[in-house]
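The next block holds one structure in the form of structure tokens; read it before the comments.
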Amino acid sequence: MSHHYYPFIRWSTEHIVALVITVVIAVLLLYFGTKCKEKGRLLICRFLAIIVAIQFISEFAWRAVSGAYGSWQYNLPLHFCSFMSIFAFIALWWRWRPACTLVYFGVLVGSIQGLITPAMANGYPDIAFFVFFIAHGLLLIVALSIPILQGWRARGYDDVVALLLMDAYVLFIIPINIWLNTNYGYTQGVPVKGTLLDYLGEAPWYYVWAQLPVLAVFRLLMLPVHDKNEE
């Protein structure tokens, strides 16, 4: 049986529908979550953590079995969003503050870019299309749940802490990419055309030039979630 190839087209009807569904689910879940008492919000966060874990394990089991992205070195859970899924589970289940901080800032600036400009070749109805949007949509919901349902609030220099943690990921992944000849974290080149990285020079140096713009956006993201009790 021949395998049909369905190329992904940015801002196609399928792309827009996937974004709308993601936003609608996020709004409904967060709206009804805010109507629950503390115990109910805790249960919702625990449920989300389990869903994130199931999605993460299922995705990479599928990658390993199907070889969807080529040989084994291209199917490892080493992309930034993969790390965000791990920290999302930790933040939702244990409320570990560094994890909450990283997921809130990292997803709303980094992973959300993936929803807008997906780095993928296969479009609807290929299974890779659904895997991608489910994973990134879950991360968006988690990032918003952390302040809205868990009550996490940004303090002091949490934005700087998040940026340093993201920088640590880049420094960690560069030698791995060189060793495996891969492009996790896109330190070897832009994933697709039309992202902000196009305007920041060559890889991986565009991460250096992105420091101040990203920190400025982080500072803006602190405004709605800043701890008003902080002295």
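No experiment lies behind these values; they were computed from the predicted model shown. Residue numbers run from 1 in the order of the sequence given.
Residues Leu144 and Val27 do not share a hydrophobic cluster, clusters being chains of Ile/Leu/Val/Met/Phe/Trp/Tyr side chains in contact below 4.5 Å. No single ILVMFWY cluster, assembled from side-chain heavy atoms under 4.5 Å apart, contains both Leu43 and Val52. Tyr206 and Ile178 end up in the same hydrophobic cluster when Ile, Leu, Val, Met, Phe, Trp and Tyr side chains are linked at under 4.5 Å. Hydrophobic clustering (side-chain heavy atoms under 4.5 Å, transitive across Ile, Leu, Val, Met, Phe, Trp, Tyr) keeps Leu42 apart from Phe47. Following chains of ILVMFWY side-chain contacts shorter than 4.5 Å, one can reach Trp72 starting from Phe60, so the two form part of one hydrophobic cluster.
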- prompt: Given Val23 and Val20, is the side-chain contact (heavy atoms from CB on, under 4.5 Å) satisfied, shown in steps?
  reply: CA-CA 5 Å; Val23 172; Val20 170; 5.9 Å; no
task: Kindly determine whether Tyr157 and Arg219 satisfy side-chain contact (heavy atoms from CB on, under 4.5 Å), including the steps that lead there.
output: CA-CA 9 Å; Tyr157 295 98; Arg219 183 55 55 164; 4.1 Å; yes
task: Could you please spell out the steps behind the side-chain contact (heavy atoms from CB on, under 4.5 Å) verdict for Trp11 and Ile16?
output: CA-CA 6 Å; Trp11 301 122; Ile16 294 173; 4.1 Å; yes
- request: Give the C-alpha distance, both sets of side-chain angles, the deciding distance and a yes or no for side-chain contact (heavy atoms from CB on, under 4.5 Å) between Met166 and Val170.
  value: CA-CA 7 Å; Met166 292 172 70; Val170 172; 5.9 Å; no
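Residue Arg97 comes nearest to Asp158 through the heavy atom pair NH2-OD2, 2.6 Å, listed as atom of the first residue, atom of the second, then distance. The two atoms that bring Gln188 and Ala203 nearest to each other are C-CB, 3.6 Å, heavy atoms only. Between Ile146 and Cys100 the shortest heavy-atom distance is CG2-CB, 3.8 Å. Pairing each heavy atom of Phe218 with each of Phe105, the nearest pair is O-CE2, 3.3 Å. The two atoms that bring Leu78 and Phe83 nearest to each other are O-CE1, 3.6 Å, heavy atoms only. What you find for Val107 and Leu139 is that their closest heavy atoms are CG1-O, 3.4 Å.
Taking a 6.0 Å sphere around CZ of Phe87, one finds it holds 12 or fewer heavy atoms contributed by other residues, nucleotides or ligands. Counting heavy atoms of neighbouring residues, nucleotides and ligands inside a 6.0 Å radius, atom CG of Leu212 does not exceed 12 of them. More than 12 non-hydrogen atoms from other residues, nucleotides or ligands lie less than 6.0 angstrom from CZ of Phe130.
Ring pair Phe172/Tyr169 is tilted by interplanar angle, where 30° to 60° counts as tilted.
Here the CE-OG1 distance, from Met222 to Thr101, works out to 9.0 Å after rounding to the nearest 0.5 Å. Between the OG1 atom of Thr22 and the CD1 atom of Ile134 there is a distance of 9.0 Å, given to the nearest 0.5 Å. One distance of note links CG of Leu102 with CD1 of Ile86; it measures 11.0 Å at 0.5 Å rounding. Considering CD1 of Ile148 and CD1 of Ile141, their distance stands at 11.0 Å, rounded to 0.5 Å. Rounded to the nearest 0.5 Å, atoms CG (Asn181) and OH (Tyr74) are 5.0 Å apart. Here Leu92 contributes atom CG and Leu149 contributes atom CG; the two are 9.0 Å apart, rounded to the nearest 0.5 Å.
Looking at heavy atoms from C-beta onward, Arg10 lies in side-chain contact with Thr117 at the 4.5 angstrom threshold. Looking at heavy atoms from C-beta onward, Leu28 lies in side-chain contact with Phe32 at the 4.5 angstrom threshold. A heavy-atom distance below 4.5 Å is found between the side chains of Phe133 and Pro118. Annotation: side chain of Tyr207 is not in contact with side chain of Asp167 (no heavy-atom distance under 4.5 Å). Using a 4.5 Å cut-off on side-chain heavy atoms (C-beta onward), Val17 and Tyr124 make no contact. Considering only heavy atoms from C-beta on, Met84 stays 4.5 Å or farther from Val142 through its side chain. Residues Phe8 and Glu14 are not in side-chain contact: their nearest non-hydrogen atoms beyond the backbone lie 4.5 Å or more apart. In this structure, Asp159 and Leu163 have side chains that are not in contact, with every pair of non-hydrogen atoms separated by 4.5 Å or more.
Between the side chain of Arg41 and the main chain of Thr34, no donor-acceptor pair closer than 3.5 Å is present. In this structure, His79 contributes its side chain and Tyr186 its backbone to no donor-acceptor pair below 3.5 Å. Side chain of Tyr184 to main chain of Leu76: a donor-acceptor pair is present (N/O by atom type, distance under 3.5 Å, no hydrogens or angles).
Remark: Arg63 engages Glu59 in a side chain to side chain donor-acceptor pair (under 3.5 Å) (not counting sequence neighbours).
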